[in-house]
Amino acid sequence: DVKVTQSSRYLVKRTGEKVFLECVQDMDHENMFWYRQDPGLGLRLIYFSYDVKMKEKGDIPEGYSVSREKKERFSLILESASTNQTSMYLCASSSTWTSGTYNEQFFGPGTRLTVL
Amino acid sequence: GNSVTQMEGPVTLSEEAFLTINCTYTATGYPSLFWYVQYPGEGLQLLLKATKADDKGSNKGFEATYRKETTSFHLEKGSVQVSDSAVYFCALFMFSGGYNKLIFGAGTRLAVHP
């Protein structure tokens, strides 16, 4: 079974703190993604990576950065957490895209982050 | 741009009732369409998919048909169970050669009561 794990299920941080969210996948997938999930807004893509050390901005990258030093690990970084970053964060991975083919994204269980 | 619109929830049903969750999309070209499900405390799982017009995706008693003429992909199940209580997301994917991503609807929460 594909497994995507996230370092924490629940996290509480204070405004201004630096926050690291870690994601690890065990299927040798090339693509990894970070989404945030908010009620009424669905999932919105923050960043994705299609290879080690490669990253692309998604729809809402402001206030976030990412790091992918190893193929299996993709980190989301909040340099200075703010209350409007309180949300559920979901990591996903998939094998690489080929023209006209969608490869399923497999999701982790999510990290519910609260910024006070 | 590309987008997905789902009916707002929550949807509350009794066990064995018929379920429909509406989903319509806007896209340039021919997207692939998906339904994802999120059970309480878990991440999203792919429930079913359809990659071209008139395709019907099905899984676990759920069905959805890709209707190009109405740009819809409504989710249906003939008899829901308490274990179907979850949040359901409709999504589309387009491979444009550039920025490739899944676009999700807002999600519809389903609560099934015994």
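Chain identifiers are assigned alphabetically (A, B, ...) following the order of the sequence lines, protein sequences preceding nucleic acid strands; residue numbering begins at 1 within each chain.
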Rounded distance [0.5 Å steps], CD in B/Gln45 versus CZ in A/Phe106: 10.5 Å

Between A/Leu43 and chain B, with a heavy-atom cut-off of 4.5 Å, which part of the residue counts as in contact: side chain, backbone, both or neither? both

Hey, is CD on A/Glu17 packed in by over 12 heavy atoms from elsewhere, all under 6.0 Å? yes

Looking at B/Gln81, I want to see if its CD is surrounded by more than 12 non-hydrogen atoms of other residues, nucleotides or ligands under 6.0 Å. yes

Other residues, nucleotides and ligands only: do more than 12 of their heavy atoms fall within 6.0 Å of NZ on B/Lys49? no

Flag if over 12 foreign heavy atoms under 6.0 Å of CZ, B/Phe18: yes

Need one label for A/Gln6: side chain, backbone, both or neither, based on atoms under 4.5 Å from any heavy atom in chain B. neither

Atom CZ of B/Arg109: over 12 foreign heavy atoms under 6.0 Å: no

Minimum heavy-atom separation for A/Gly40 to B/Ala106, with atom names? O-CB, 3.3 Å

Over 12 foreign heavy atoms within 6.0 Å of OH, B/Tyr30: no

With a 4.5 angstrom heavy-atom cut-off, is it the side chain or the backbone of B/Gln38 that approaches chain A, or both, or neither? side chain

Linking I/L/V/M/F/W/Y whenever any side-chain heavy atoms sit under 4.5 Å apart, do A/Ile60 and A/Leu78 land together? yes

When you measure from the side chain of A/Arg9 to the backbone of B/Gly41, do you find a donor-acceptor pair of N or O atoms at a distance under 3.5 Å? yes

If you measure from CZ on B/Phe104 to CG on A/Leu41, what distance do you get to the nearest 0.5 Å? 13.5 Å

So which heavy atom on A/Gln37 is nearest to which on B/Phe89, and how close? NE2-CZ, 3.3 Å

Are the side chains of B/Phe93 and A/Glu104 in touch, meaning some heavy atoms are under 4.5 Å apart? no

Supply the atom-to-atom distance A/Phe48 CZ to B/Leu102 CG, rounded to the nearest 0.5 angstrom. 11.5 Å

